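Beneath this line is the structure, given in C-alpha coordinates, with notes to follow.
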Number of protein chains: 2
Amino acid sequence: MTSRARSRPAARPAADAEKEPAARARLEVDERRAQLLALGLSIFSERSYDEVSIDDIARAAGVSKGLLYHYFPTKRDYYVAALRAASKELLDQTLRTTPDASPEQEIECALRTYLAYVERHGPAYVALMRGGIGSDPEVAAVLEETRTTFLGRIVAGLPPEATGPLVHTAMRGWIGFVEAASIDWVARRSVPVEQIVALAKALLFDVLRAATEFSPTNEPAPPKKKTTKKAR
Amino acid sequence: MTSRARSRPAARPAADAEKEPAARARLEVDERRAQLLALGLSIFSERSYDEVSIDDIARAAGVSKGLLYHYFPTKRDYYVAALRAASKELLDQTLRTTPDASPEQEIECALRTYLAYVERHGPAYVALMRGGIGSDPEVAAVLEETRTTFLGRIVAGLPPEATGPLVHTAMRGWIGFVEAASIDWVARRSVPVEQIVALAKALLFDVLRAATEFSPTNEPAPPKKKTTKKAR
DNA sequence: AGCGGCTGTTGAACGGAAGTCAACAGGAAT
DNA sequence: ATTCCTGTTGACTTCCGTTCAACAGCCGCT
(Lines give C-alpha, C1' and ligand atoms only; values in the text may rest on other atoms or scores of the structure.)
Protein backbone atom coordinates (compact mmCIF):
# COMPACT_ATOMS: atom_id res chain seq x y z
CA MET A 1 0.00 0.00 0.00
CA THR A 2 2.35 2.64 1.22
CA SER A 3 5.40 0.96 -0.29
CA ARG A 4 5.19 2.86 -3.50
CA ALA A 5 7.56 5.64 -2.52
CA ARG A 6 6.84 7.92 -5.40
CA SER A 7 10.00 9.71 -6.33
CA ARG A 8 8.89 12.74 -8.22
CA PRO A 9 11.64 15.09 -9.49
CA ALA A 10 10.29 17.77 -7.15
CA ALA A 11 10.20 20.19 -10.03
CA ARG A 12 6.97 21.89 -10.93
CA PRO A 13 5.48 20.57 -14.21
CA ALA A 14 5.73 23.47 -16.59
CA ALA A 15 4.46 27.03 -16.70
CA ASP A 16 5.60 28.28 -13.34
CA ALA A 17 6.26 31.83 -14.34
CA GLU A 18 3.12 32.91 -12.50
CA LYS A 19 3.40 34.14 -8.98
CA GLU A 20 0.99 32.11 -6.97
CA PRO A 21 -2.71 32.51 -7.68
CA ALA A 22 -2.43 30.64 -10.98
CA ALA A 23 -0.41 27.63 -9.84
CA ARG A 24 -3.29 25.32 -10.51
CA ALA A 25 -1.04 22.40 -11.27
CA ARG A 26 -0.80 18.98 -9.73
CA LEU A 27 1.36 19.13 -6.64
CA GLU A 28 2.93 16.53 -4.43
CA VAL A 29 1.11 15.79 -1.23
CA ASP A 30 3.60 17.23 1.23
CA GLU A 31 4.18 20.25 -0.90
CA ARG A 32 0.52 21.06 -1.25
CA ARG A 33 -0.08 20.45 2.40
CA ALA A 34 2.77 22.74 3.37
CA GLN A 35 1.52 25.42 1.01
CA LEU A 36 -1.98 25.27 2.43
CA LEU A 37 -0.66 25.33 5.96
CA ALA A 38 1.53 28.35 5.33
CA LEU A 39 -1.37 30.10 3.68
CA GLY A 40 -3.65 29.32 6.58
CA LEU A 41 -1.08 30.66 8.99
CA SER A 42 -0.92 33.98 7.21
CA ILE A 43 -4.67 34.17 6.70
CA PHE A 44 -5.66 33.39 10.27
CA SER A 45 -3.09 35.90 11.44
CA GLU A 46 -5.03 38.78 10.04
CA ARG A 47 -8.59 37.55 10.02
CA SER A 48 -10.31 35.57 12.70
CA TYR A 49 -11.54 32.03 12.30
CA ASP A 50 -15.05 32.65 11.18
CA GLU A 51 -14.31 35.78 9.25
CA VAL A 52 -12.69 33.57 6.66
CA SER A 53 -14.74 31.08 4.74
CA ILE A 54 -13.46 27.93 3.17
CA ASP A 55 -14.12 29.51 -0.19
CA ASP A 56 -11.90 32.43 0.72
CA ILE A 57 -9.08 30.11 1.62
CA ALA A 58 -9.53 28.01 -1.47
CA ARG A 59 -9.61 31.09 -3.65
CA ALA A 60 -6.49 32.47 -2.02
CA ALA A 61 -4.73 29.18 -2.60
CA GLY A 62 -5.91 29.01 -6.19
CA VAL A 63 -7.47 25.67 -5.48
CA SER A 64 -10.91 24.18 -5.30
CA LYS A 65 -12.81 23.94 -2.08
CA GLY A 66 -12.91 20.19 -2.31
CA LEU A 67 -9.14 19.93 -2.29
CA LEU A 68 -8.94 21.53 1.10
CA TYR A 69 -11.24 18.84 2.39
CA HIS A 70 -9.01 16.26 0.78
CA TYR A 71 -6.11 17.41 2.93
CA PHE A 72 -7.93 18.41 6.09
CA PRO A 73 -11.06 16.62 7.18
CA THR A 74 -12.66 19.79 8.47
CA LYS A 75 -12.20 23.53 8.61
CA ARG A 76 -11.43 23.32 12.28
CA ASP A 77 -8.83 20.66 11.67
CA TYR A 78 -7.26 22.93 9.13
CA TYR A 79 -7.19 25.73 11.65
CA VAL A 80 -5.73 23.52 14.32
CA ALA A 81 -3.05 22.29 11.94
CA ALA A 82 -2.07 25.85 11.10
CA LEU A 83 -2.04 26.72 14.78
CA ARG A 84 0.14 23.74 15.52
CA ALA A 85 2.54 24.82 12.81
CA ALA A 86 2.76 28.27 14.36
CA SER A 87 3.33 26.73 17.74
CA LYS A 88 6.07 24.53 16.37
CA GLU A 89 7.74 27.50 14.75
CA LEU A 90 7.67 29.41 18.00
CA LEU A 91 8.99 26.48 19.98
CA ASP A 92 11.75 25.76 17.49
CA GLN A 93 12.89 29.33 17.30
CA THR A 94 13.16 29.69 21.04
CA LEU A 95 15.14 26.49 21.37
CA ARG A 96 18.48 27.64 20.03
CA THR A 97 20.68 27.94 23.07
CA THR A 98 24.38 28.24 23.53
CA PRO A 99 25.76 25.08 25.10
CA ASP A 100 27.88 26.76 27.77
CA ALA A 101 25.34 29.09 29.27
CA SER A 102 24.16 29.44 32.81
CA PRO A 103 20.47 28.86 33.49
CA GLU A 104 20.06 32.59 33.89
CA GLN A 105 21.58 33.29 30.54
CA GLU A 106 19.46 30.62 28.96
CA ILE A 107 16.30 32.16 30.34
CA GLU A 108 17.37 35.55 29.12
CA CYS A 109 18.17 34.22 25.70
CA ALA A 110 14.90 32.34 25.46
CA LEU A 111 12.96 35.40 26.53
CA ARG A 112 14.73 37.55 24.00
CA THR A 113 14.00 35.21 21.13
CA TYR A 114 10.47 34.78 22.40
CA LEU A 115 9.92 38.50 22.33
CA ALA A 116 11.60 38.74 18.96
CA TYR A 117 9.11 36.22 17.65
CA VAL A 118 6.30 38.18 19.19
CA GLU A 119 7.58 41.36 17.62
CA ARG A 120 7.93 39.83 14.20
CA HIS A 121 4.61 38.00 14.13
CA GLY A 122 2.64 40.49 16.19
CA PRO A 123 -0.92 39.71 15.15
CA ALA A 124 -0.16 36.06 14.52
CA TYR A 125 1.11 35.70 18.05
CA VAL A 126 -1.91 37.37 19.46
CA ALA A 127 -4.14 35.14 17.38
CA LEU A 128 -2.21 32.13 18.60
CA MET A 129 -2.26 32.96 22.26
CA ARG A 130 -5.74 34.35 22.41
CA GLY A 131 -6.92 30.93 21.44
CA GLY A 132 -8.80 31.11 18.24
CA ILE A 133 -12.02 29.31 18.43
CA GLY A 134 -13.88 29.66 21.64
CA SER A 135 -13.06 26.93 24.07
CA ASP A 136 -12.42 24.39 21.37
CA PRO A 137 -10.80 21.40 23.07
CA GLU A 138 -8.30 20.82 20.28
CA VAL A 139 -7.24 24.43 20.13
CA ALA A 140 -6.92 24.55 23.87
CA ALA A 141 -4.85 21.39 23.71
CA VAL A 142 -2.37 22.97 21.32
CA LEU A 143 -1.99 26.00 23.54
CA GLU A 144 -1.64 23.84 26.62
CA GLU A 145 0.96 21.75 24.87
CA THR A 146 2.93 24.82 23.91
CA ARG A 147 2.84 26.16 27.43
CA THR A 148 3.69 22.80 28.92
CA THR A 149 6.71 22.55 26.66
CA PHE A 150 7.94 25.92 27.78
CA LEU A 151 7.29 24.97 31.36
CA GLY A 152 9.25 21.77 30.91
CA ARG A 153 12.22 23.64 29.56
CA ILE A 154 12.17 26.10 32.38
CA VAL A 155 11.95 23.72 35.27
CA ALA A 156 14.60 21.53 33.64
CA GLY A 157 17.08 24.35 33.23
CA LEU A 158 16.63 25.60 36.75
CA PRO A 159 17.86 24.43 40.14
CA PRO A 160 15.40 21.72 41.17
CA GLU A 161 14.56 23.25 44.51
CA ALA A 162 11.20 21.66 44.76
CA THR A 163 8.56 20.38 42.42
CA GLY A 164 5.39 20.66 44.39
CA PRO A 165 1.96 21.49 43.04
CA LEU A 166 2.27 25.09 44.10
CA VAL A 167 5.41 25.47 42.06
CA HIS A 168 3.61 24.00 39.11
CA THR A 169 0.78 26.47 39.41
CA ALA A 170 3.23 29.27 40.00
CA MET A 171 5.15 28.46 36.85
CA ARG A 172 1.94 28.33 34.91
CA GLY A 173 1.18 31.74 36.31
CA TRP A 174 4.57 33.01 35.27
CA ILE A 175 3.95 31.89 31.73
CA GLY A 176 0.67 33.76 31.91
CA PHE A 177 2.63 36.78 33.03
CA VAL A 178 5.00 36.57 30.10
CA GLU A 179 2.16 36.14 27.65
CA ALA A 180 0.14 39.02 29.01
CA ALA A 181 3.15 41.28 29.22
CA SER A 182 4.17 40.33 25.70
CA ILE A 183 0.76 41.16 24.32
CA ASP A 184 0.71 44.45 26.15
CA TRP A 185 4.22 45.21 25.00
CA VAL A 186 3.56 44.46 21.36
CA ALA A 187 0.33 46.43 21.46
CA ARG A 188 1.80 49.60 22.88
CA ARG A 189 5.49 49.73 22.04
CA SER A 190 6.44 52.10 24.79
CA VAL A 191 9.19 50.17 26.47
CA PRO A 192 12.51 48.69 25.27
CA VAL A 193 12.70 44.93 25.02
CA GLU A 194 15.47 44.65 27.53
CA GLN A 195 13.26 45.95 30.30
CA ILE A 196 10.68 43.30 29.59
CA VAL A 197 13.36 40.64 29.55
CA ALA A 198 14.85 41.85 32.80
CA LEU A 199 11.45 42.12 34.41
CA ALA A 200 10.35 38.66 33.39
CA LYS A 201 13.63 37.10 34.42
CA ALA A 202 13.69 38.73 37.81
CA LEU A 203 10.11 37.72 38.32
CA LEU A 204 10.80 34.13 37.47
CA PHE A 205 13.13 33.85 40.41
CA ASP A 206 10.75 35.75 42.63
CA VAL A 207 7.98 33.38 41.68
CA LEU A 208 10.11 30.36 42.37
CA ARG A 209 11.25 31.68 45.71
CA ALA A 210 7.75 32.65 46.77
CA ALA A 211 6.29 29.36 45.62
CA THR A 212 8.75 27.20 47.48
CA GLU A 213 8.39 29.44 50.50
CA PHE A 214 4.61 29.27 50.64
CA SER A 215 4.21 25.53 50.30
CA PRO A 216 4.67 24.09 53.78
CA THR A 217 3.31 20.71 52.75
CA ASN A 218 6.41 20.05 50.73
CA GLU A 219 9.61 18.84 52.27
CA PRO A 220 11.78 21.96 52.73
CA ALA A 221 14.52 21.22 50.23
CA PRO A 222 15.27 17.56 49.65
CA PRO A 223 18.16 17.17 47.21
CA LYS A 224 16.45 14.93 44.73
CA LYS A 225 17.96 13.65 41.53
CA LYS A 226 19.71 16.39 39.66
CA THR A 227 17.43 17.23 36.77
CA THR A 228 19.71 19.77 35.18
CA LYS A 229 19.20 18.30 31.72
CA LYS A 230 17.33 20.45 29.31
CA ALA A 231 13.98 19.38 28.02
CA ARG A 232 13.15 19.03 24.37
CA MET B 1 -43.26 57.61 21.46
CA THR B 2 -41.41 56.42 24.50
CA SER B 3 -43.53 58.46 26.86
CA ARG B 4 -45.96 55.69 27.41
CA ALA B 5 -44.37 54.32 30.58
CA ARG B 6 -46.28 51.10 30.70
CA SER B 7 -46.91 50.20 34.29
CA ARG B 8 -47.63 46.52 34.28
CA PRO B 9 -48.37 44.94 37.65
CA ALA B 10 -45.20 42.88 37.26
CA ALA B 11 -47.19 39.75 37.91
CA ARG B 12 -47.18 36.96 35.41
CA PRO B 13 -50.51 36.66 33.56
CA ALA B 14 -51.85 33.38 34.76
CA ALA B 15 -50.78 29.73 34.75
CA ASP B 16 -47.31 30.07 36.23
CA ALA B 17 -47.25 26.78 38.02
CA GLU B 18 -44.90 25.38 35.39
CA LYS B 19 -41.20 25.40 36.07
CA GLU B 20 -39.65 27.10 33.11
CA PRO B 21 -39.82 25.33 29.78
CA ALA B 22 -43.51 26.04 29.41
CA ALA B 23 -43.55 29.71 30.37
CA ARG B 24 -44.60 30.67 26.87
CA ALA B 25 -46.41 33.75 28.07
CA ARG B 26 -45.99 37.36 27.16
CA LEU B 27 -43.24 38.88 29.24
CA GLU B 28 -42.06 42.39 29.84
CA VAL B 29 -39.04 43.49 27.91
CA ASP B 30 -36.54 43.77 30.73
CA GLU B 31 -37.72 40.56 32.27
CA ARG B 32 -37.45 38.60 29.06
CA ARG B 33 -34.09 40.11 28.31
CA ALA B 34 -32.78 39.25 31.75
CA GLN B 35 -34.10 35.73 31.44
CA LEU B 36 -32.42 35.21 28.08
CA LEU B 37 -29.19 36.67 29.36
CA ALA B 38 -29.13 34.43 32.39
CA LEU B 39 -29.89 31.46 30.22
CA GLY B 40 -27.12 32.35 27.83
CA LEU B 41 -24.71 32.68 30.68
CA SER B 42 -25.44 29.20 31.91
CA ILE B 43 -25.50 27.69 28.42
CA PHE B 44 -22.24 29.20 27.24
CA SER B 45 -20.65 28.09 30.46
CA GLU B 46 -20.94 24.47 29.58
CA ARG B 47 -20.98 24.48 25.80
CA SER B 48 -18.82 26.59 23.55
CA TYR B 49 -20.10 29.29 21.25
CA ASP B 50 -20.63 27.30 18.13
CA GLU B 51 -21.63 24.12 19.82
CA VAL B 52 -24.94 25.76 20.60
CA SER B 53 -27.26 26.85 17.88
CA ILE B 54 -29.78 29.61 18.09
CA ASP B 55 -32.47 26.95 17.93
CA ASP B 56 -30.98 25.23 20.96
CA ILE B 57 -31.06 28.43 22.92
CA ALA B 58 -34.57 29.25 21.81
CA ARG B 59 -35.75 25.76 22.70
CA ALA B 60 -34.08 25.95 26.11
CA ALA B 61 -35.77 29.29 26.73
CA GLY B 62 -39.13 27.95 25.55
CA VAL B 63 -39.24 30.68 22.99
CA SER B 64 -39.12 31.05 19.26
CA LYS B 65 -35.94 31.76 17.38
CA GLY B 66 -37.30 35.00 16.08
CA LEU B 67 -37.74 36.37 19.56
CA LEU B 68 -34.08 36.02 20.26
CA TYR B 69 -33.39 38.12 17.21
CA HIS B 70 -35.89 40.62 18.48
CA TYR B 71 -33.83 41.14 21.61
CA PHE B 72 -30.37 40.69 20.24
CA PRO B 73 -29.51 41.68 16.69
CA THR B 74 -27.21 38.74 16.22
CA LYS B 75 -26.02 35.58 17.86
CA ARG B 76 -22.68 37.14 18.52
CA ASP B 77 -24.29 40.16 20.14
CA TYR B 78 -26.20 37.80 22.36
CA TYR B 79 -22.99 36.07 23.32
CA VAL B 80 -21.23 39.34 24.01
CA ALA B 81 -24.12 40.53 26.14
CA ALA B 82 -23.99 37.34 28.21
CA LEU B 83 -20.23 37.71 28.53
CA ARG B 84 -20.61 41.29 29.66
CA ALA B 85 -23.12 40.18 32.26
CA ALA B 86 -20.66 37.62 33.56
CA SER B 87 -17.92 40.21 33.63
CA LYS B 88 -20.14 42.59 35.54
CA GLU B 89 -20.98 39.90 38.05
CA LEU B 90 -17.30 39.16 38.59
CA LEU B 91 -16.41 42.80 38.94
CA ASP B 92 -19.27 43.49 41.33
CA GLN B 93 -18.52 40.54 43.51
CA THR B 94 -14.87 41.45 43.88
CA LEU B 95 -15.69 45.01 44.80
CA ARG B 96 -16.97 44.52 48.30
CA THR B 97 -14.22 45.79 50.55
CA THR B 98 -14.05 46.73 54.15
CA PRO B 99 -13.64 50.49 54.53
CA ASP B 100 -10.83 50.42 57.06
CA ALA B 101 -8.45 48.04 55.38
CA SER B 102 -4.86 48.50 54.39
CA PRO B 103 -3.99 48.16 50.71
CA GLU B 104 -2.49 44.79 51.47
CA GLN B 105 -5.63 43.56 53.09
CA GLU B 106 -7.68 44.87 50.24
CA ILE B 107 -5.60 43.01 47.73
CA GLU B 108 -5.89 39.87 49.79
CA CYS B 109 -9.62 40.24 50.08
CA ALA B 110 -10.06 40.92 46.40
CA LEU B 111 -7.95 37.91 45.52
CA ARG B 112 -9.94 35.71 47.83
CA THR B 113 -13.27 36.72 46.39
CA TYR B 114 -11.82 36.47 42.92
CA LEU B 115 -10.75 32.91 43.55
CA ALA B 116 -14.06 32.16 45.18
CA TYR B 117 -15.79 33.29 42.05
CA VAL B 118 -13.47 31.16 39.97
CA GLU B 119 -14.15 28.18 42.17
CA ARG B 120 -17.90 28.61 42.01
CA HIS B 121 -18.14 29.27 38.29
CA GLY B 122 -15.25 27.07 37.22
CA PRO B 123 -16.10 26.39 33.59
CA ALA B 124 -17.84 29.72 33.17
CA TYR B 125 -14.72 31.50 34.29
CA VAL B 126 -12.58 29.52 31.93
CA ALA B 127 -14.98 30.24 29.11
CA LEU B 128 -14.92 33.90 30.01
CA MET B 129 -11.18 34.27 30.25
CA ARG B 130 -10.25 32.05 27.39
CA GLY B 131 -12.02 34.50 25.19
CA GLY B 132 -14.90 32.86 23.53
CA ILE B 133 -15.00 33.49 19.89
CA GLY B 134 -11.69 33.63 18.21
CA SER B 135 -10.23 37.06 18.25
CA ASP B 136 -13.59 38.70 17.99
CA PRO B 137 -13.01 42.41 18.57
CA GLU B 138 -16.10 42.82 20.74
CA VAL B 139 -15.28 39.84 22.90
CA ALA B 140 -11.71 40.98 23.25
CA ALA B 141 -13.00 44.41 24.19
CA VAL B 142 -15.05 43.00 27.05
CA LEU B 143 -12.08 41.08 28.38
CA GLU B 144 -9.82 44.08 28.04
CA GLU B 145 -12.36 46.21 29.84
CA THR B 146 -12.55 43.72 32.67
CA ARG B 147 -8.81 43.59 33.03
CA THR B 148 -8.46 47.33 32.77
CA THR B 149 -10.97 47.76 35.56
CA PHE B 150 -9.05 45.41 37.79
CA LEU B 151 -5.86 47.20 36.90
CA GLY B 152 -7.40 50.52 37.76
CA ARG B 153 -8.43 49.29 41.16
CA ILE B 154 -5.03 47.93 41.89
CA VAL B 155 -2.96 50.92 40.96
CA ALA B 156 -5.37 53.17 42.80
CA GLY B 157 -5.20 51.21 46.01
CA LEU B 158 -1.45 51.02 46.02
CA PRO B 159 1.32 53.45 46.86
CA PRO B 160 1.81 55.51 43.70
CA GLU B 161 5.52 54.95 43.46
CA ALA B 162 5.61 55.43 39.74
CA THR B 163 3.26 55.13 36.86
CA GLY B 164 5.52 54.57 33.92
CA PRO B 165 4.82 52.41 30.91
CA LEU B 166 6.84 49.55 32.33
CA VAL B 167 4.69 49.51 35.43
CA HIS B 168 1.64 49.39 33.23
CA THR B 169 2.93 46.41 31.28
CA ALA B 170 4.05 44.79 34.48
CA MET B 171 0.62 45.10 36.03
CA ARG B 172 -0.92 43.68 32.92
CA GLY B 173 1.49 40.82 33.26
CA TRP B 174 0.52 40.31 36.86
CA ILE B 175 -3.12 40.07 35.89
CA GLY B 176 -2.06 37.47 33.36
CA PHE B 177 -0.32 35.67 36.17
CA VAL B 178 -3.41 35.63 38.32
CA GLU B 179 -5.58 34.43 35.46
CA ALA B 180 -3.24 31.65 34.45
CA ALA B 181 -2.69 30.55 38.02
CA SER B 182 -6.43 30.62 38.66
CA ILE B 183 -7.15 28.45 35.67
CA ASP B 184 -4.45 26.01 36.65
CA TRP B 185 -5.66 26.00 40.21
CA VAL B 186 -9.28 25.38 39.32
CA ALA B 187 -8.31 22.68 36.86
CA ARG B 188 -6.20 20.66 39.24
CA ARG B 189 -7.33 21.37 42.78
CA SER B 190 -4.11 20.35 44.45
CA VAL B 191 -3.37 23.41 46.50
CA PRO B 192 -5.27 25.35 49.17
CA VAL B 193 -6.63 28.74 48.20
CA GLU B 194 -4.59 30.57 50.76
CA GLN B 195 -1.37 29.59 49.08
CA ILE B 196 -2.53 31.03 45.79
CA VAL B 197 -3.61 34.21 47.51
CA ALA B 198 -0.32 34.54 49.33
CA LEU B 199 1.65 33.80 46.20
CA ALA B 200 -0.23 36.31 44.08
CA LYS B 201 -0.05 38.98 46.74
CA ALA B 202 3.66 38.56 47.32
CA LEU B 203 4.22 38.60 43.61
CA LEU B 204 2.31 41.80 43.15
CA PHE B 205 4.78 43.63 45.31
CA ASP B 206 7.68 41.89 43.66
CA VAL B 207 6.39 42.94 40.28
CA LEU B 208 5.94 46.51 41.38
CA ARG B 209 9.38 46.66 42.89
CA ALA B 210 11.02 45.11 39.87
CA ALA B 211 9.11 47.31 37.45
CA THR B 212 10.03 50.57 39.18
CA GLU B 213 13.55 49.36 39.53
CA PHE B 214 14.03 48.46 35.88
CA SER B 215 12.65 51.64 34.38
CA PRO B 216 15.49 54.18 34.45
CA THR B 217 13.60 56.61 32.26
CA ASN B 218 11.24 57.40 35.08
CA GLU B 219 12.08 59.76 37.84
CA PRO B 220 13.31 57.61 40.77
CA ALA B 221 10.55 58.20 43.31
CA PRO B 222 8.96 61.62 43.32
CA PRO B 223 6.35 61.87 46.05
CA LYS B 224 3.39 62.78 43.90
CA LYS B 225 -0.12 63.36 45.11
CA LYS B 226 -1.38 60.57 47.28
CA THR B 227 -3.75 58.60 45.11
CA THR B 228 -4.87 56.21 47.77
CA LYS B 229 -8.49 56.49 46.77
CA LYS B 230 -10.06 53.37 45.40
CA ALA B 231 -11.22 53.13 41.84
CA ARG B 232 -14.65 52.08 40.75
C1' DA C 1 4.12 5.26 -28.60
C1' DG C 2 0.02 3.46 -26.67
C1' DC C 3 -2.49 2.15 -22.62
C1' DG C 4 -4.18 1.30 -17.96
C1' DG C 5 -4.43 2.73 -13.42
C1' DC C 6 -3.27 5.41 -9.43
C1' DT C 7 -4.20 9.60 -7.24
C1' DG C 8 -4.43 14.68 -7.00
C1' DT C 9 -8.20 17.65 -8.22
C1' DT C 10 -12.71 19.53 -9.36
C1' DG C 11 -17.51 21.48 -9.19
C1' DA C 12 -22.11 20.57 -8.32
C1' DA C 13 -25.19 19.14 -4.83
C1' DC C 14 -26.60 18.55 0.18
C1' DG C 15 -27.64 19.86 4.95
C1' DG C 16 -27.77 22.73 8.61
C1' DA C 17 -27.65 26.90 10.95
C1' DA C 18 -27.81 32.16 11.05
C1' DG C 19 -30.70 35.77 10.02
C1' DT C 20 -35.39 38.04 7.93
C1' DC C 21 -40.15 39.23 7.77
C1' DA C 22 -44.95 39.55 7.41
C1' DA C 23 -48.53 37.99 10.09
C1' DC C 24 -50.48 36.64 14.76
C1' DA C 25 -52.11 37.35 19.54
C1' DG C 26 -52.45 38.94 24.30
C1' DG C 27 -53.19 42.58 27.19
C1' DA C 28 -54.13 47.69 28.22
C1' DA C 29 -56.43 51.81 27.39
C1' DT C 30 -60.64 53.62 25.84
C1' DA D 1 -66.35 45.16 23.73
C1' DT D 2 -63.23 47.29 20.60
C1' DT D 3 -58.87 48.95 19.18
C1' DC D 4 -54.25 49.47 19.13
C1' DC D 5 -49.64 48.56 20.69
C1' DT D 6 -46.19 45.39 20.98
C1' DG D 7 -44.30 40.91 22.32
C1' DT D 8 -44.18 36.74 19.69
C1' DT D 9 -44.24 33.33 16.05
C1' DG D 10 -42.74 30.13 12.27
C1' DA D 11 -41.92 29.70 7.53
C1' DC D 12 -38.54 31.49 4.25
C1' DT D 13 -33.94 32.96 2.48
C1' DT D 14 -29.17 32.88 2.34
C1' DC D 15 -24.76 31.56 3.35
C1' DC D 16 -21.31 28.20 4.41
C1' DG D 17 -19.28 23.86 5.83
C1' DT D 18 -19.17 19.30 4.03
C1' DT D 19 -19.78 15.29 0.71
C1' DC D 20 -19.21 12.78 -3.46
C1' DA D 21 -19.01 11.05 -7.95
C1' DA D 22 -16.55 12.16 -11.85
C1' DC D 23 -12.31 14.23 -14.17
C1' DA D 24 -7.37 14.61 -15.39
C1' DG D 25 -2.38 14.56 -15.02
C1' DC D 26 1.42 11.55 -14.43
C1' DC D 27 3.77 7.02 -13.93
C1' DG D 28 4.82 2.30 -15.14
C1' DC D 29 4.23 -1.23 -18.27
C1' DT D 30 4.24 -3.49 -22.85
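Quick note on labels: first sequence line is chain A, next is B, and so on, each numbered from 1. Treat the numbers as computed from the prediction; the structure is a model and nothing was measured.
Rounded to whole Å, the distance from NE2 on A:His70 to P on C:dT7 is 10 Å. Atom-to-atom, CZ of A:Arg59 to C1' of C:dT10 comes out at 16 Å; the value is rounded to the nearest Å. Atom-to-atom, CZ of A:Arg33 to C1' of C:dT7 comes out at 17 Å; the value is rounded to the nearest Å. Rounded to whole angstrom, the span from the CG atom of B:Asp55 across to the C1' atom of C:dA18 amounts to 9 Å. Taking atom OH of A:Tyr71 as the reference point, atom P of C:dG8 lies 6 Å away to the nearest angstrom. Straight-line distance from the CG atom of A:Asp56 to the P atom of D:dC16: 8 Å, rounded to whole Å. With rounding to whole Å, B:Ile57 atom CD1 is found 15 Å from D:dT9 atom P. The separation between B:Leu36 atom CG and D:dT8 atom P is 9 Å, rounded to whole Å.
The shortest non-hydrogen separation linking B:Ile43 to B:Ala60 is CD1-CB, 4.1 Å.
Contact of B:Lys65 with C:dG19 (side chain to base): a donor-acceptor pair of N or O atoms is detected under 3.5 Å.
Rounded to the nearest 0.5 Å, atoms CD (A:Glu138) and OH (A:Tyr79) are 12.0 Å apart.
Between A:Asp30 and A:Arg33 there is no salt bridge, since no side-chain nitrogen of the basic residue lies less than 4.0 Å from a carboxylate oxygen of the acidic one. Comment: B:Glu106 does not engage B:Arg153 in a salt bridge, judged by the lack of any side-chain N to carboxylate O separation of less than 4.0 angstrom.
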What side-chain donor-acceptor pairs closer than 3.5 Å can you find for residues 165-180 of chain A, not counting sequence neighbours?
unit_1, atom_1, unit_2, atom_2, d
A:His168, ND1, B:Arg188, NH1, 3.2
A:Thr169, OG1, A:Pro165, O, 3.2
A:Thr169, OG1, B:Asp184, OD2, 2.8
A:Arg172, NH2, A:Glu144, OE1, 2.2
A:Arg172, NH2, A:Thr148, OG1, 3.4
A:Trp174, NE1, A:Ala200, O, 3.1
A:Glu179, OE1, A:Arg147, NE, 3.3
A:Glu179, OE1, A:Arg147, NH2, 3.0
A:Glu179, OE2, A:Arg147, NE, 2.7

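Positionally, the nearest nucleotide of DNA chain C for A:Gly66 lies more toward the 5' end than for the other of B:Ile54 and A:Gly66.
Distances shorter than 4.0 Å separate some side-chain N or O of A:Thr74 from OP1 or OP2 on D:dT18. OP1 and OP2 of C:dA17 both lie 4.0 Å or more from every side-chain N or O belonging to B:Ser53. Contact between the side-chain N/O atoms of B:Arg76 and the OP1/OP2 oxygens of C:dG19 is not found at any separation under 4.0 Å.
Counting any heavy atom pair closer than 4.0 Å across all strands shown, B:Leu67 reaches a base atom.
In this structure, the nucleotide among D:dT18, C:dT9, D:dG10 sitting nearest to the side chain of A:Tyr69 is D:dT18.
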